[in-house]
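Have a look at the structure below before the remarks.
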Amino acid sequence: MLFDPRPKDNLKDLFDRESEISLLKNSLDSPLIIIIGLRRTGKTSLIKSVLNYTKSTYIFLDMRRFENKEYIVYKDFIKSLEREINEITRKNKDLLSYLRHIQGVQVMGFSVSFSWGEEKVEISDVFSELNDWASEKGKTMHIVIDEAQELIKLRGYNILPSIAYAYDNLKNLSFIVTGSEVRVRDKFLKLEDENSPLFGRAHVEINLLPFSKETSVRFLEEGFKEQGISFPDSEKIFDILGGNPGWLTYFGYIYIKHGRDEEKAILETKRYAKRLLSREFCNFTKEGGRDKRRYLKVIETCRKGCSWKDIKNSLEALEGREINDGTVSDIINNLLEYSFLVKEDRKYMITDKLLGEIINVRC
Ligand SMILES: Nc1ncnc2c1ncn2[C@@H]1O[C@H](COP(=O)(O)OP(=O)(O)O)[C@@H](O)[C@H]1O
Ligand SMILES: [Mg+2]
């Protein structure tokens, strides 16, 4: 069902995205695939649908679980790896005999436990055994790190060397890394930083954009048609909510569930979207000890597009004093890195129409 609000995990429920689907399918043996797209544009849906369709073996590390944390430690990461590996060993008991050799791994019955204190398990050892197991089976094991920008908060441990080691040596492993924020590329993977373990590694990149107006309208019509409903206002809904697949899906879901009351469904969807966007915005300001009022001012100013000068002027009006150019640029760069803002031609735009409606948020 197109309006199912959960991530899709079956290709037949995935609307549009033909070129992204074929790019991903054709790249599945690449060592590193990066999928970048705003939250709720369908990254998780794309990956799960394609990996299930191709009957691939994969580990899915959902880093979103850390989004409210100020920082993460080794234990947090290793425990999520442990949980996912146990999902696989349940169906593939022979994997246990590979894992039991590793320092810091305990096998109890049919599950493994990874230690994180002294004698901690090394991630590269785990990757190495997963690779041997996959190689023995003649398959590729995909390691999905979903919403990987959260790992920028990992303290006291760097997982990049393990990924680089796997990239160079473990031919039966393939990494799929997603990010909702462009900083996943330069602040987490650091592919263009000469001092980074992953420097210069070739990779496939897939960018997932929100739906265009035309696609959004088709999506809504198709979703309603599936339910035997003819819905005449798809264009209006796009004009109000924008083309984020997550918001459109939620709208369709609520509309059908709550007695086909359009106004109510719009309100509900806005409330839902604003709650999520506010939470992300508040995490962003908290994480960097950033001044909320300044950032909200910029979002407000750029609702319909703005120039650098517009931003400077609005910040100066807010504070009633001059603000130096460096500070203005820092604020803009932070918003760009966290994908609240994009630069198109010489203008800045908010990336989600409904972000423009959170300007009264309390964090
Ligand atoms: N191409 C698509 N077709 C159908 N539904 C989609 C599509 N893309 C996203 N969705 C829906 O939008 C919501 C967000 O998708 P999700 O895959 O969780 O996005 P992300 O991982 O980018 O945050 C889910 O309800 C999902 O079902
Ligand atoms: Mg996701």
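Bear in mind that the values here come from a model prediction, so they are computed numbers and not experimental data. We count ligands from 1, going down the list as the structure has it; atoms in each ligand are counted the same way.
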Heavy-atom nearest neighbour in the protein, as seen from [atom], with distance rounded to 0.1 Å:
| atom | answer |
| --- | --- |
| atom 18 (O) of ligand 1 | Pro7 CG, 3.7 Å |
| atom 19 (O) of ligand 1 | Gly42 N, 3.0 Å |
| atom 11 (C) of ligand 1 | Thr249 OG1, 3.4 Å |
| atom 1 (N) of ligand 1 | Phe15 O, 2.9 Å |
| atom 4 (C) of ligand 1 | Asp13 O, 3.5 Å |
| atom 21 (O) of ligand 1 | Thr44 OG1, 2.7 Å |
| atom 5 (N) of ligand 1 | Lys8 NZ, 3.1 Å |
| atom 12 (O) of ligand 1 | Gly246 CA, 3.4 Å |

Mode of Thr178 contact toward ligand 1 - side chain, backbone, both, neither (heavy atoms, under 4.0 Å):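 For Thr178, no heavy atom sits under 4.0 Å from ligand 1.
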Trp247 and ligand 1 - part of the residue with a heavy-atom distance under 4.0 Å: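 None of Trp247 does.
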Would you say [Y] and [X] are linked by a side-chain donor-acceptor pair, where the criterion is simply a distance under 3.5 Å?
| X | Y | value |
| --- | --- | --- |
| Asp146 | Thr178 | yes |
| Asn334 | Tyr295 | yes |
| Lys292 | Thr285 | no |
| Lys171 | Thr140 | no |

Looking at ligand 1, does any of its N/O atoms fall within less than 3.5 Å of an N/O of [X]?
| X | result |
| --- | --- |
| Lys43 | yes |
| Phe219 | no |
| Pro5 | yes |
| Ser45 | yes |
| Glu147 | no |
| Leu14 | no |

So is [X] touching ligand 1 or not, going by heavy atoms under 4.0 Å?
| X | answer |
| --- | --- |
| Tyr250 | no |
| Asp4 | yes |
| Leu248 | no |

Quick one: pull up CE in Met63 and CD in Gln149 and give me the separation to the nearest 0.5 Å.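 Between Met63 CE and Gln149 CD, I get 11.0 Å after rounding to 0.5 Å.
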Measuring from Ile237:CD1 to Phe251:CZ, what's the distance to the nearest 0.5 Å?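 Nearest 0.5 Å value for the CD1-CZ distance: 3.5 Å.
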Per-atom contacts, ligand 1 versus [X] - under 4.0 Å to a heavy atom:
| X | result |
| --- | --- |
| Phe211 | 1 (N) |
| Thr41 | 8 (N), 19 (O), 22 (O) |
| Pro245 | 8 (N), 9 (C), 12 (O) |
| Arg17 | 1 (N) |

For [Y] together with [X], are the ring centres under 6.0 Å from each other?
| X | Y | value |
| --- | --- | --- |
| Phe219 | Phe238 | no |
| Tyr253 | Phe3 | no |
| Phe66 | Tyr71 | no |

Looking at [X] and [Y], would you say the former's side chain and the latter's main chain have a donor-acceptor pair under 3.5 Å?
| X | Y | result |
| --- | --- | --- |
| Ser45 | Lys8 | yes |
| Arg321 | Glu316 | no |
| Ser135 | Asn172 | no |

Pick whichever of Arg6, Met1, Arg40 has a heavy atom sitting closest to atom 14 (C) of ligand 1.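 The residue whose heavy atom sits nearest atom 14 (C) of ligand 1 is Arg40.
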Could you pull out all donor-acceptor pairs under 3.5 Å where a side-chain atom in residues 355-363 meets a protein atom, sequence neighbours excluded?
unit_1, atom_1, unit_2, atom_2, d
Glu357, OE1, Lys270, NZ, 3.4
Glu357, OE2, Lys270, NZ, 3.3

same_hphob_cluster(Val204, Val177) at 4.5 Å side-chain heavy-atom cutoff: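 Val204 does not cluster with Val177.
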Does the plane of the ring in Phe340 sit parallel, tilted or perpendicular to the ring in Tyr338? Use 30° and 60° as the thresholds.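 Phe340 vs Tyr338 ring planes: parallel.
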Does the plane of the ring in Phe15 sit parallel, tilted or perpendicular to the ring in Phe211? Use 30° and 60° as the thresholds.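 Because their plane-to-plane angle is over 60°, the rings of Phe15 and Phe211 count as perpendicular.
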Out of the candidates Lys274, Arg40, Lys286, only one should pair with Glu280 under the salt bridge (Lys or Arg N to Asp or Glu O under 4.0 Å) rule; please name it.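 Among Lys274, Arg40, Lys286, the one that satisfies the salt bridge (Lys or Arg N to Asp or Glu O under 4.0 Å) with Glu280 is Arg40.
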Closer than 2.8 Å to the Mg ion (ligand 2), which protein N, O or S atoms?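 Protein N/O/S atoms under 2.8 Å of the Mg ion (ligand 2): Thr44 OG1.
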Does NZ or CZ of Lys79 fall inside the cone over Phe114's six-membered ring, less than 6.0 Å from its centre and within 45° of the axis?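 The answer is no, since Lys79 fails at least one limit relative to Phe114.
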